[in-house]
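Written out below as C-alpha cells is the structure these notes cover.
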Protein chains: 2
Amino acid sequence: MENFLSLPEDKQRTIRNSALKVFGENGYKKASVKDIADEADISKSMVFHYFGTKKDLYLYLVDYCSKVLTGPLTSIQKDLPRDYFERMKVATEKQMGVLKDEPFFLKFLTSMLSESDPEISEELQTYRNYAATFQSSYALDDMDFSKFKEDVDLKVVLRMMVWMAEGFSRNVSLESEEDLDKYIDQFNEAVELLRFNLYKEEYL
Amino acid sequence: MENFLSLPEDKQRTIRNSALKVFGENGYKKASVKDIADEADISKSMVFHYFGTKKDLYLYLVDYCSKVLTGPLTSIQKDLPRDYFERMKVATEKQMGVLKDEPFFLKFLTSMLSESDPEISEELQTYRNYAATFQSSYALDDMDFSKFKEDVDLKVVLRMMVWMAEGFSRNVSLESEEDLDKYIDQFNEAVELLRFNLYKEEYL
DNA sequence: TATTTGTTGACCGATTCGGTCGATGGTTGT
DNA sequence: ACAACCATCGACCGAATCGGTCAACAAATA
C-alpha cells in the first residue's frame, strides 16, 4: 500500500483510473487483475506489489472515492446557490472537475452501490448508506423553489433533471478530454433553456 | 436451435431474458453460460442442448433483437406523428411495450453495439450499421418543428431529450412490472411539461 | 563495486471456462 | 405391458484463467 502511495501523482492516477474502469465495468468478481494491469500498462505483479491483494485494491478505491466525495464535492456545500438551476450547474461543474481527472469515478460508484459479492459486502455496508445520505441531502437541502411558474409541477421537474443528469453523466466517459468542456457547456445550455421557460418572467 | 424454438413461448422468453441480461451486463467474453443457466433456472447442459454453442446463442439474440427492431417498432414508422413531443411519447410507449416483455433488450443492444470480442466481431459488423441507420432515421424524419417558441434552440432541446430518454430507459429494468406503467406515465408527464412550456401558446 | 529498489515473466494450485456424455425419468405410441 | 423416445441433469473433460508468489534481472543509489 505504501508502495503505491509513494508513486508519482500521475502514475497513481493512471493506475487508479484503470482500476476504476475495469471494476466499474465488470463488478468485483468478474474484474480481473490482469485486465487492470493491461489497462494501466504495467505488469500484473506490480498491482500486487502495490496493493497486496485484489480485495485491498478494491477497498482502497472505495475509500479513495469516499474521500473525494467528502472533500472537493462537499466543500461547496455551505454556500450552495439556493436557485435550483444555479445549483444544478454548480453541482455538475464540480462533478465534471472530478470526472476530468477520474473519468470512471461515476461508473465505479454506481457499480459499487449495487455490488453484492460476499467477499466485500461487509466492508461496503458502511460506505453505502453514507453515499446514499450524501446524495439526497446534497440535492435538495434549503432549495428555493419559489421562482418557478405556478403551474409547473416540481416533482416532474426534479425527476426530469435526474434523468437528464444521468443520461448526461453516462456519456461523459465517451468524450475526449479536449471536447469535455464543450460537452459540459451543452448541458448548461439545456439547464438555461429550462430555467428560461420554467421560471416566472420576473426572475429572468 | 430447433430444440429451443419448439419450446413453449414463455419458457423461451424466460431463457432469452436471462441471456440478454447476463450478456448485456458482462459483455460476450465475461458472460458465462453457467450464469445464464442459473438465471433462467435450468441446467447448463440445456443451454447447449438448445443453442449448440455460446456463440450461437449470442448470435441468436442479436438476430432476435434485429427482428424486433424491424418488426413491432418500425410498423408505426409510416404514420408517426409529426409533432415532436407526440412522437416522443408514441416512441417510448412502443419501446416500453417491448421492454415489458424483454426488460434487458436495451441493455443488451447497448452492450452489443460496443462489443469488440474478435470471436464475434465479424458477424456483428452487419447488424451494427443497420441499428445505427435505424435509430437516426426513426428519430427525426419528417418532423414538424414549427410549433416551438422562436427563441427555443432546437439543437438544445434535442440533446436534452436524448439525455432524458437515456436516463429514463436506463432505469426501466429497475422497475417492477406492476410499477412500469406508472413509471412510463412519469415520463409522459415530463414530456407534457416540456411541450406546455416550449410551444407557442397557440398550439397548446 | 556493493546494495538496494523497481519490475518482470514464469510459475503455482485452485477455480472456472465452454462443451460433452451417459444416466435417469417422464411421455408417447403400440 | 413394453419399447422407443426425448427432455433434463450432474458428473466430467481438457483448456484457459483466476489470484497470488517468487526468483531473477535491471536500474538506480551509495
Side-chain angles (χ1 to χ4, degrees), chain A residues 1-16 18-62 115-123, chain B residues 1-16 18-62 115-123:
Chain A
M1 193 60 222
E2 62 273 353
N3 285 327
F4 176 72
L5 293 177
S6 60
L7 247 45
E9 196 71 38
D10 57 340
K11 189 158 192 181
Q12 282 191 40
R13 210 182 46 234
T14 307
I15 296 173
R16 229 181 6 235
S18 310
L20 287 173
K21 175 179 181 186
V22 174
F23 275 126
E25 285 174 351
N26 303 309
Y28 179 76
K29 184 156 198 187
K30 300 236 171 193
S32 81
V33 177
K34 179 190 188 307
D35 287 347
I36 296 172
D38 287 353
E39 185 80 31
D41 251 321
I42 57 178
S43 72
K44 190 174 61 146
S45 314
M46 291 314 290
V47 178
F48 287 103
H49 180 236
Y50 292 144
F51 299 99
T53 70
K54 178 183 178 181
K55 183 175 174 179
D56 286 342
L57 165 55
Y58 190 87
L59 293 179
Y60 160 75
L61 292 176
V62 171
E115 183 60 60
S116 65
D117 195 287
E119 198 174 335
I120 47 170
S121 62
E122 264 186 60
E123 288 89 339
Chain B
M1 193 61 223
E2 61 274 352
N3 285 326
F4 176 72
L5 293 176
S6 59
L7 247 45
E9 196 71 37
D10 58 339
K11 188 158 193 181
Q12 281 190 42
R13 211 183 44 235
T14 307
I15 296 173
R16 232 180 4 236
S18 309
L20 288 173
K21 176 178 180 186
V22 174
F23 276 125
E25 286 174 350
N26 304 312
Y28 178 75
K29 184 157 196 185
K30 300 237 171 194
S32 82
V33 177
K34 180 192 188 306
D35 287 347
I36 296 173
D38 286 353
E39 186 78 31
D41 250 324
I42 57 178
S43 72
K44 190 175 59 147
S45 315
M46 292 314 290
V47 177
F48 288 103
H49 180 235
Y50 292 143
F51 299 100
T53 70
K54 177 183 176 180
K55 183 175 175 180
D56 287 340
L57 165 55
Y58 190 87
L59 292 179
Y60 160 74
L61 292 176
V62 172
E115 182 60 62
S116 65
D117 194 288
E119 198 175 335
I120 50 171
S121 63
E122 264 186 59
E123 288 88 340

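Just so it is clear, the structure is predicted and the values come from calculations on it, not from any experiment. Letters go in sequence order (proteins before strands), and every chain restarts at 1.
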Inset, instruction - Using heavy atoms and a sub-4.0 Å distance, could you list which residues of residues 34-45 of chain B are near DNA chain C? By number, please. - result: B/K34, B/K44, B/S45

Inset, instruction - Rounded off to whole Å, could you give me the CG-to-C1' distance for the B/D56 and C/dG19 pair? - result: 12 Å

Inset, instruction - Measure from NZ or CZ of B/K54 to the centre of the six-membered ring of B/F23, then state whether that distance is under 6.0 Å and the direction lies within 45° of the axis. - result: no

Legend entry - Whole-Å gap separating P (D/dG19) and CG (A/D117): 11 Å

Inset, instruction - Using a cut-off of strictly less than 4.0 Å, decide whether B/Y50 has a side-chain nitrogen or oxygen near OP1 or OP2 of D/dT8. - result: yes

Inset, instruction - Please state how far atom CZ in B/F51 lies from atom C1' in D/dT8, giving the value in whole angstrom units. - result: 15 Å

Legend entry - Side chain proximity check, A/Y58 to A/E123, heavy atoms < 4.5 angstrom: no

Legend entry - A/L7 side chain near A/I15 side chain, heavy-atom distance below 4.5 Å: yes

Legend entry - Close side-chain approach of A/I120 and A/K55, heavy atoms under 4.5 Å: yes

Legend entry - Length of the NE2-P vector between B/H49 and D/dC6, whole Å: 10 Å

Inset, instruction - Mind telling me whether B/Y60 and B/F4 have parallel, tilted or perpendicular rings, with 30° and 60° as the class edges? - result: perpendicular

Legend entry - Value in whole Å for how far the P atom of D/dC22 lies from CE of A/M46: 16 Å

Inset, instruction - Could you state the atom-to-atom distance from NZ of A/K29 to P of C/dC17 in whole Å? - result: 8 Å

Legend entry - OP1 or OP2 of C/dC17 under 4.0 Å from side-chain N/O of B/S32: yes

Inset, instruction - Would you mind telling me which residue lines up with the more 5' stretch of DNA chain C, A/S6 or B/K30, judged by nearest nucleotide? - result: A/S6

Inset, instruction - Could you tell me the separation between the OH atom of A/Y58 and the P atom of D/dC18, rounded to a whole number of Å? - result: 18 Å

Inset, instruction - Between C/dG19, D/dG19, D/dT8, spot the one nearest the side chain of B/F48, thanks. - result: C/dG19

Inset, instruction - For the residue pair A/I36 and A/K21, establish whether any side-chain heavy-atom pair is separated by less than 4.5 Å. - result: no

Legend entry - B/E119 CD to D/dA15 C1', straight-line distance once rounded to whole Å: 14 Å

Legend entry - Any B/K11 side-chain N or O less than 4.0 Å from OP1/OP2 of D/dT8: yes

Inset, instruction - Would you check if B/E9 and B/T14 make a side-chain contact, meaning some heavy-atom pair closer than 4.5 Å? - result: no

